[in-house]
There are 2 protein chains.
Amino acid sequence: MRIGELGQAAGVDVETIRFYEKSGLLPAPARSQNGYRTYGSMHLECLAFIRHCRALDIPLNEVQRLLEFIEQPNADCGDIDQLIDTQLAKVRARLKSLKALEKQLSSLRGRCGANHIASECGILHELVAAAHKEACVCHGHFEPRTLAT
Amino acid sequence: MRIGELGQAAGVDVETIRFYEKSGLLPAPARSQNGYRTYGSMHLECLAFIRHCRALDIPLNEVQRLLEFIEQPNADCGDIDQLIDTQLAKVRARLKSLKALEKQLSSLRGRCGANHIASECGILHELVAAAHKEACVCHGHFEPRTLAT
DNA sequence: CTTGACCCTGTAGTAGCTACAGGGTTTCTA
DNA sequence: TAGAAACCCTGTAGCTACTACAGGGTCAAG
């Protein structure tokens, strides 16, 4: 099948398919006489594998490694456990920081309940006040990245 | 103070500071004779404001708008509520999808508890099996993006 | 024959930084 | 004083994972 059909079958953009091929994830397929790519079911399964791993937020370079493991059934798979553990840790860390963020935003949201002009906006006041505290060098540094990963 | 001092005071990279100036968020400061930037406390507060909003995952274009509101105290601030609401909704959606992701990864992790070769890896088997199901066109499409936002 | 859909390669853009490259200025130490 | 290291400048490029052109070729249907 041609690339459009593959895309339809896997629910993936043709441009994404070409991207994966260029990235080395998806093997380059045979070409027909007019230069069009020609795919079989093996490519469809490979593409589905990639998309499934992406759904698990696994970075492309790690998906690459998993694909290599499939190619080499006798390789040691300790790294696969590690990979999933790493993903799990990342997800948990993000959950934690997002919960803190939700809490803060909710609190901030509670500061303004009705339309009025900017000078009376509780949200703005709070943001400015927070910045003022942070800009006071005797209070140390607020590390924003830590919170919002 | 010079850019390095400002960066130290706010806990921000000098390159990020230049980036913010270029992006129009941070006003361009005066320059000394040698071309070095010269900052005062107003810049420090502005920078702290930006970083605080970033910590709340507010996109830079929205931070820009908030800064404009501060400049125009008589402007209507209905949009600020909207902005925080939008952020809250985004955070909640992400929390939801990450929880589902954590659940899936935990389940997947449970499939492999000890070191063995790749052909015996429960994780790999599960990933391949999932891809096989997905690659079967009669089962419809699995939309990965929906899950992993 | 024409038109629209599909295909091709290569380039560029997204968001928010971060890291050079190449060169000028300042500060400190020997 | 000289030299080295730290700091400063502008401009460019890279990261991740796509996504969207631009410009041109191919195919199928009307």
Side-chain angles (χ1 to χ4, degrees), chain A residues 1-26 28-39 43 47 49-65 67 86-87 90 94 143-149, chain B residues 1-26 28-39 43 47 49-65 67 86-87 90 94 97 101 143-149:
Chain A
M1 61 185 145
R2 294 196 311 208
I3 194 168
E5 289 166 86
L6 181 67
Q8 285 277 331
V12 185
D13 235 33
V14 295
E15 297 176 330
T16 305
I17 297 171
R18 288 198 201 99
F19 170 69
Y20 287 154
E21 181 187 317
K22 190 171 181 181
S23 306
L25 289 188
L26 198 63
R31 301 281 183 131
S32 47
Q33 274 222 320
N34 55 14
Y36 286 13
R37 293 170 174 80
T38 305
Y39 297 99
H43 276 97
L47 182 58
F49 181 90
I50 295 166
R51 296 308 295 174
H52 186 69
C53 292
R54 288 298 303 130
L56 299 176
D57 243 7
I58 297 171
L60 289 184
N61 63 325
E62 298 294 350
V63 178
Q64 178 88 299
R65 284 174 65 204
L67 286 168
T86 300
Q87 283 304 111
K90 276 187 200 160
R94 269 171 72 194
E143 178 52 65
R145 269 294 153 200
T146 313
L147 182 59
T149 2
Chain B
M1 61 183 146
R2 294 197 310 211
I3 194 168
E5 289 165 89
L6 180 68
Q8 285 276 331
V12 186
D13 235 33
V14 297
E15 297 176 330
T16 305
I17 297 171
R18 289 197 199 100
F19 171 69
Y20 287 153
E21 181 187 318
K22 189 171 182 182
S23 306
L25 288 187
L26 198 62
R31 300 282 183 132
S32 47
Q33 274 221 320
N34 55 14
Y36 286 14
R37 294 172 172 79
T38 304
Y39 297 99
H43 276 96
L47 182 58
F49 181 89
I50 295 165
R51 296 308 295 173
H52 186 68
C53 291
R54 289 297 304 130
L56 299 176
D57 243 5
I58 296 170
L60 289 185
N61 64 322
E62 300 293 352
V63 178
Q64 178 88 299
R65 285 174 64 205
L67 285 168
T86 301
Q87 283 304 111
K90 277 186 199 161
R94 269 171 71 192
S97 69
L101 181 52
E143 177 51 65
R145 267 294 152 200
T146 313
L147 182 59
T149 2

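In what follows, chains are A, B, ... by sequence order, proteins preceding strands, each numbered from 1. Values reported hereafter were calculated over all heavy atoms of this structure, with side chains retained and with hydrogens, waters and symmetry mates removed.
- Remark: B:R18 engages B:I3, B:V14, B:E15, B:R37 in a side chain to side chain contact (heavy atoms under 4.5 Å, CB included) (not counting sequence neighbours).
- B:C53 and B:V63 get closest at one heavy-atom pair: CB-CG2, 3.6 Å.
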### Task
Start with the C-alpha distance between A:R51 and A:V12, add both sets of side-chain angles, then the distance that settles side-chain contact (heavy atoms from CB on, under 4.5 Å), and finish with yes or no.
CA-CA 8 Å; A:R51 296 308 295 174; A:V12 185; 3.6 Å; yes
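- Regarding B:L26, its CG atom lies at a distance of 15 Å from the C1' atom of C:dC17, rounded to whole Å.
- B:P59 and B:Q87 make their closest contact through CD-OE1, 3.5 Å (heavy atoms, listed as atom of the first residue, atom of the second, distance).
- Residues satisfying the side chain to side chain contact (heavy atoms under 4.5 Å, CB included) criterion with A:F19, sequence neighbours excluded, are A:S23, A:L60.
- Between B:Y39 atom OH and D:dC8 atom C1' the separation is 11 Å, expressed in whole Å.
- The structure places CZ of B:R54 at 10.5 Å from CD1 of B:I50, a figure rounded to the nearest 0.5 Å.
- Atom P of nucleotide C:dA15 and atom CD1 of B:I58 are separated by 16 Å, given to the nearest angstrom.
- Here the closest non-hydrogen pair linking A:G24 and A:Q64 is O-OE1, 3.3 Å.
- Once rounded to the nearest 0.5 Å, the distance linking CG of A:D13 with OH of A:Y20 reads 10.0 Å.
- Ranked by how close their nearest DNA chain C nucleotide is to the 5' end, A:T38 and A:K22 are led by A:T38.
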### Message
How would you summarise protein contacts on nucleotides 21-27 of chain C per nucleotide, using B for base, S for sugar-phosphate only and - for none, with heavy-atom distances below 4.0 Å?
### Response
---BBS-
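- Nucleotide C:dA5 holds its P atom 18 Å from the CD1 atom of A:I3, rounded to whole Å.
- In this entry the distance linking CG of A:D57 with P of D:dA17 reads 9 Å, nearest Å.
- Taking 4.0 angstrom as the limit, B:R51 places none of its side-chain polar atoms (N or O) nearer than this to OP1 or OP2 of C:dG16.
- Expressed to the nearest 0.5 Å, how far CG of A:D57 lies from CZ of A:R94 amounts to 5.0 Å.
- The distance from atom CG of A:L47 to atom P of D:dA17 is 16 Å, rounded to the nearest whole Å.
- A:R65 is linked by a salt bridge (charged side-chain N to carboxylate O under 4.0 Å, His left out) to A:E62, A:D79, counting only residues two or more places apart in sequence or in another chain.
- OP1 and OP2 of C:dC7 both lie 4.0 Å or more from every side-chain N or O belonging to A:R37.
- Residues from residues 13-21 of chain A lying near DNA chain D, meaning a heavy-atom separation below 4.0 Å, are A:E15, A:T16, A:F19, A:Y20 in numerical order.
- Overall, the helix from C:dC1-D:dG30 to C:dA30-D:dT1 carries an axis bend of 20° between its ends, with five pairs at each end and the value rounded to 10°.
- Between B:A10 and B:L47, the shortest heavy-atom contact is CB-CD2, 3.5 Å.
- Regarding contacts with the backbone of D:dT26, every side-chain N or O of A:R31 stays at 4.0 angstrom or more from both OP1 and OP2.
- A:Q64 has its CD atom 15 Å from the C1' atom of D:dA17, to the nearest Å.
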